[in-house]
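Below: the structure, in structure tokens.
Nothing fancy with the numbering, it's 1 onward along the sequence.
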Amino acid sequence: MCGIIGYTGNENSIPLVLEGIKNLEYRGYDSFGCAFHGDSNSIEVRKNVGRINNIIEEYGITNEVSDRSIAHTRWATHGGVTKENSHPLLDCSGKIAVVHNGIIENFQELKDNLHSHAFVSETDTEVLPHLIEQEIKEGKTFEDAVMAAAGKIKGFSSFVAMSADSDSILAVKNGSPLVLGLKENGTFVASDVPSFLKHTNKVVYLFDGDVIAINKSGFKILKTDNPGKHKARDVNFAISDVEKGKYRHFMLKEITEQQKLISSLAESNLSYLNNASSLIAVSRKVYIIGSGSSFHVALLAANLFRDLGKDAIAVQPQDLYNYSKLIASEDIFIIVSQSGETMDIVEALPLIKRNKKIGIINTEESTLSNAVDYFININAGHEKGVAATKTFTMSAILVCLLAMFSFGQEKEAVNDLKLLDINLYNLFVPSVYKIIKETSAAIKNEKDMFFLGRGNDYIAAMEAALKMKEVTYIHSEAIDSATFKHGPLALVSKGVYSIAIVSERFKDREINNLKEVKARNGKIIGLANEKLDVFDVFIRSQPAGIFSFVPQIIISQLLAYYVSLAKHIDPDHPRNLAKAVTTK
Ligand code: GLU
């Protein structure tokens with residue numbers, strides 16, 4: 001995954017692509033680079049490893065002026081994080097520049113055939129400018145050469161190319177998202193809408209198989225498998241959605257936003273869930289698919305379905321092939337994805353092509369939202385923090401609502417949601433922040449921590465441990481309390497912290513397990529409705545029926561956030577991660 005943007009227009013393109021690429025930094029931040037059309041019909045490239053702002057300053061890029069440019073923020077798949085491997089990559093003549101999102105599976109074979117070309121990087125991407133150069137050498141126009149190159153690469157790849165000798169910027173989509181932004185006297189192409197939203201909300205979503213040329217006055221479709229579908233439309237993103245506002249980090253902004261999102265959901269008319277829930281009601285079995293935090297959503301939902309008496313299972317997409325002999329046509333699939341582009345799920349789609357699919361997705365236009373029969377918008381707004389927070393909570397609530405609706409328990413579900421809404425007023429208060437900040441300071445130097453729970457509390461523990469790993473780098477392991485004494489207890493010694501998530505349902509049994517930890521002088525931070533003797537630190541998490549996991553998760557998110565700050569880590573950009581995993 002990476003971020004791509006290109007712009008050509010009457011005004012200076014440089015500030016537009018720089019601003020846009022900064023908005024795309026959540027998609028990858030190993031290195032940054034841009035290419036622009038220079039004065040003497042040259043292609044000028046500025047790129048380096050590190051954060052975008054530092055590189056812009058290093059090269060004084062803001063002083064440049066050009067009518068067309070492209071930029072890239074990388075999440076390395078092939079080749080180390082080095083200046084040479086940063087995008088844009090050039091052909092031998094230095095006249096063709098390419099930025100790329102994805103993996104070219106046959107790059108080695110293509111590279112071997114381009115023996116007269118000089119390669120300077122270890123990336124798969126670099127075959128693209130050389131392929132285009134080769135096609136031009138053999139007599140093709142830039143446009144035809146890009147189409148020919150696109151036809152030769154295998155795997156999922158989207159890329160944007162520019163040539164010193166062409167006024168147009170070319171965009172090829174296959175897999176990763178690309179969208180056009182249409183402005184008076186100028187056109188954007190980018191990985192997402194918020195990157196250019198300040199300048200236009202008139203967009204055209206591209207389809208897989210598209211080859212598009214953008215120029216100052218709009219765009220030209222050079223090749224498509226979806227004729228007639230490239231309609232310009234206005235999108236209703238709020239700018240406040242993509243800016244930090246008064247918050248220091250997107251992660252804190254997005255954690256805080258959960259209260260408002262849950263309130264609005266509790267007040268809204270949920271009848272739009274009826275169609276999907278009636279499909280579930282007549283299905284034989286429910287499979288819920290997700291990766292990372294979305295897999296935890298799937299586990300919570302599967303637990304609830306089974307509690308209600310429905311056969312249901314959470315499966316990670318890469319394991320789905322394992323079930324291929326068991327899947328019947330009457331089985332229904334619920335796909336949970338924040339980005340709608342999760343490559344592992346996209347790849348698993350052929351296995352379930354005859355099954356009905358419901359998508360719980362936070363992006364209206366995406367590969368997965370287009371592939372499902374029923375699309376349910378998570379409606380959490382743009383999430384820029386790399387660690388999923390509000391999208392986790394909102395998608396988990398939606399799947400649980402769906403489960404309840406499919407069993408005719410709408411009233412009970414809505415009551416629980418209203419209870420949750422009320423409870424959250426007691427969570428986002430100074431006294432809770434105070435204890436969370438104090439606890440963060442106490443645990444910031446830990447090397448290992450355990451997250452304990454049973455049933456849904458264990459799943460909440462898995463998500464809590466993932467948050468802690470992602471933004472603090474502390475080794476955090478979720479363990480089902482019931483299994484702790486079957487081995488992991490050996491790891492507990494004096495002062496080792498465990499975070500125990502304890503809801504009413506499992507309290508008595510949990511207390512026994514926690515006593516075993518205390519007996520080994522371990523320390524316990526308890527997230528529960530009442531203070532238990534075994535807790536060294538107690539943070540209240542009020543129950544809310546089927547949504548009791550929500551306060552537990554919000555507290556864990558805040559804890560991870562403040563530990564991250566205490567360790568001087570930028571929680572919006574933890575090392576090695578990117579927001580959506582659009583590569584295999
Ligand atoms: N495969 C390319 C690289 O490693 C692009 C990766 C990406 O999508 O960021 O440079």
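Classification of Lys140 and Glu135 as a salt-bridged pair holds, one side-chain N sitting under 4.0 Å from a carboxylate O. Using a 4.0 Å cut-off between charged side-chain N and carboxylate O, Asp210 and Lys173 make no salt bridge. Using a 4.0 Å cut-off between charged side-chain N and carboxylate O, Asp67 and Lys216 make a salt bridge. Salt bridge Asp144/Lys223: absent, no basic N to carboxylate O contact under 4.0 Å. Taking 4.0 Å as the cut-off between side-chain N and carboxylate O, Glu64 and Arg46 count as a salt-bridged pair.
Judged by distance alone, with hydrogens and angles left aside, the side-chain atoms of Gln557 form no donor-acceptor pair with the main-chain N or O of Lys467 at under 3.5 Å. Remark: side-chain polar atoms of Tyr29 are paired, donor with acceptor, to backbone N or O of Pro574 under 3.5 angstrom. Checking side-chain atoms of Asn185 against main-chain N and O of Gly9 turns up no donor-acceptor pair under 3.5 Å. The backbone N or O of Thr391 lies less than 3.5 Å from a partner atom in the side chain of Ser395, making a donor-acceptor pair. With Asp572 contributing its side chain and Gly385 its backbone, the two residues share no donor-acceptor pair below 3.5 Å. In this structure, Asn174 contributes its side chain and Phe156 its backbone to no donor-acceptor pair below 3.5 Å. Checking side-chain atoms of Ser476 against main-chain N and O of Ile474 turns up a donor-acceptor pair under 3.5 Å.
A side-chain donor-acceptor contact under 3.5 Å links Thr367 and Glu341. Side-chain contact, Glu11 with Tyr7: a donor N or O sits under 3.5 Å from an acceptor N or O. A side-chain donor-acceptor contact under 3.5 Å links Asp192 and Tyr26. Side-chain contact check for His117 and Glu126: no donor-acceptor pair (N or O, by modelled atom type) lies under 3.5 Å. A side-chain donor-acceptor contact under 3.5 Å links Thr393 and Gln258. Of the N and O atoms on the side chains of Glu84 and Ser121, not one donor lies less than 3.5 Å from an acceptor on the other residue. Inspection of the Asp91 and Ser93 side chains reveals an N or O donor paired with an N or O acceptor under 3.5 Å. Judged by distance alone, the side chains of Lys384 and Asn23 do bring a donor and an acceptor atom under 3.5 Å apart. Side-chain contact check for Ser158 and Ser176: no donor-acceptor pair (N or O, by modelled atom type) lies under 3.5 Å. At a cut-off of 3.5 Å, with distance as the only test, no side-chain donor of Ser69 or Ser66 sits close to an acceptor on the other residue. Side chain to side chain, Asn215 and Lys220 fail the donor-acceptor criterion of an N or O pair below 3.5 Å.
Side-chain rings of Phe107 and His78 approach one another, their centers coming within less than 6.0 Å. Centroid-to-centroid, the aromatic rings of His230 and Phe207 come within less than 6.0 Å.
For Gln108, the CD atom sits in a packed shell: over 12 heavy atoms of surrounding residues, nucleotides or ligands are nearer than 6.0 Å. Within a 6.0 Å sphere centred on NZ of Lys229, heavy atoms belonging to other residues, nucleotides or ligands number 12 at most. Within a 6.0 Å radius of CG in Asp39, other residues, nucleotides and ligands contribute 12 heavy atoms or fewer. Summarising the local packing, CD of Glu57 is surrounded by 12 or fewer heavy atoms from other residues, nucleotides or ligands at distances under 6.0 Å. By the 6.0 Å contact criterion, NZ on Lys183 is enclosed, its count of non-hydrogen atoms from other residues, nucleotides or ligands being greater than 12. The local environment of NZ in Lys137 is crowded, with over 12 non-hydrogen atoms from other residues, nucleotides or ligands closer than 6.0 Å.
A heavy-atom distance below 4.5 Å is not found between the side chains of Ile70 and Val17. You'll find the side chain of Phe142 reaches within 4.5 Å of the side chain of Ile132, heavy atoms only. For the pair Asn379 and Leu261, the minimum side-chain heavy-atom distance is 4.5 Å or more. Contact check for Val81 versus Asn85: no side-chain heavy atoms found under the 4.5 Å cut-off. Residues Asp373 and Ile358 are not in side-chain contact: their nearest non-hydrogen atoms beyond the backbone lie 4.5 Å or more apart. In this structure, Leu368 and Ile345 have side chains that are in contact, with non-hydrogen atoms separated by less than 4.5 Å. Side-chain atoms of His573 and Phe250, non-hydrogen and from C-beta on, never get closer than 4.5 Å to each other. Side-chain atoms of Gln316 and Ser291, non-hydrogen and from C-beta on, never get closer than 4.5 Å to each other.
Ring-plane geometry between Phe159 and His100 is classed as perpendicular, the angle between the planes exceeding 60 degrees on a 0 to 90 degree scale with a lower cut at 30. Note on ring orientation: taking the six-membered ring where Trp is involved, the planes of Phe333 and Tyr287 are parallel (angle under 30°, cut-offs 30° and 60°).
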Exercise for the section: Could you give me the CA-CA distance, side-chain angles and deciding distance for Arg575 and Asp570, then say whether salt bridge (charged side-chain N to carboxylate O under 4.0 Å, His left out) is met? Expected result: CA-CA 9 Å; Arg575 68 184 180 208; Asp570 174 356; over 6 Å; no
Exercise for the section: For salt bridge (charged side-chain N to carboxylate O under 4.0 Å, His left out), just list the numbers for Glu243 and Lys198, CA-CA rounded to whole Å, side-chain angles, deciding distance to a tenth of an Å, and then say yes or no. Expected result: CA-CA 11 Å; Glu243 289 184 344; Lys198 255 195 192 159; 3.5 Å; yes
Handout entry: Check against salt bridge (charged side-chain N to carboxylate O under 4.0 Å, His left out), Lys22 and Glu25
Key = CA-CA 5 Å; Lys22 284 188 217 165; Glu25 206 173 11; over 6 Å; no
Exercise for the section: Give the C-alpha distance, both sets of side-chain angles, the deciding distance and a yes or no for salt bridge (charged side-chain N to carboxylate O under 4.0 Å, His left out) between Glu365 and Arg233. Expected result: CA-CA 12 Å; Glu365 279 297 331; Arg233 59 163 123 153; 2.6 Å; yes
Handout entry: Derivation of the side-chain contact (heavy atoms from CB on, under 4.5 Å) call for Val336 and Ile289
Key = CA-CA 6 Å; Val336 187; Ile289 313 294; over 6 Å; no
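Nearest heavy atom pair, residue Pro88 against residue Ala97, reads CB-CB, 4.1 Å. The shortest non-hydrogen separation linking Ile5 to Ser195 is CD1-OG, 4.0 Å. Pairing each heavy atom of Lys357 with each of Ile352, the nearest pair is NZ-O, 2.8 Å. Here the shortest heavy-atom pairing between Asn48 and Ser31 reads O-CB, 3.3 Å. Closest approach of Ser191 to Val179, counting heavy atoms only: C-CG1, 4.4 Å. The nearest pair of heavy atoms linking Glu257 to Lys390 is OE1-NZ, 2.6 Å.
With Phe32 as the aromatic partner, Lys47 does not meet the cation-pi criteria of under 6.0 angstrom to the ring centre and within 45 degrees of the ring axis.
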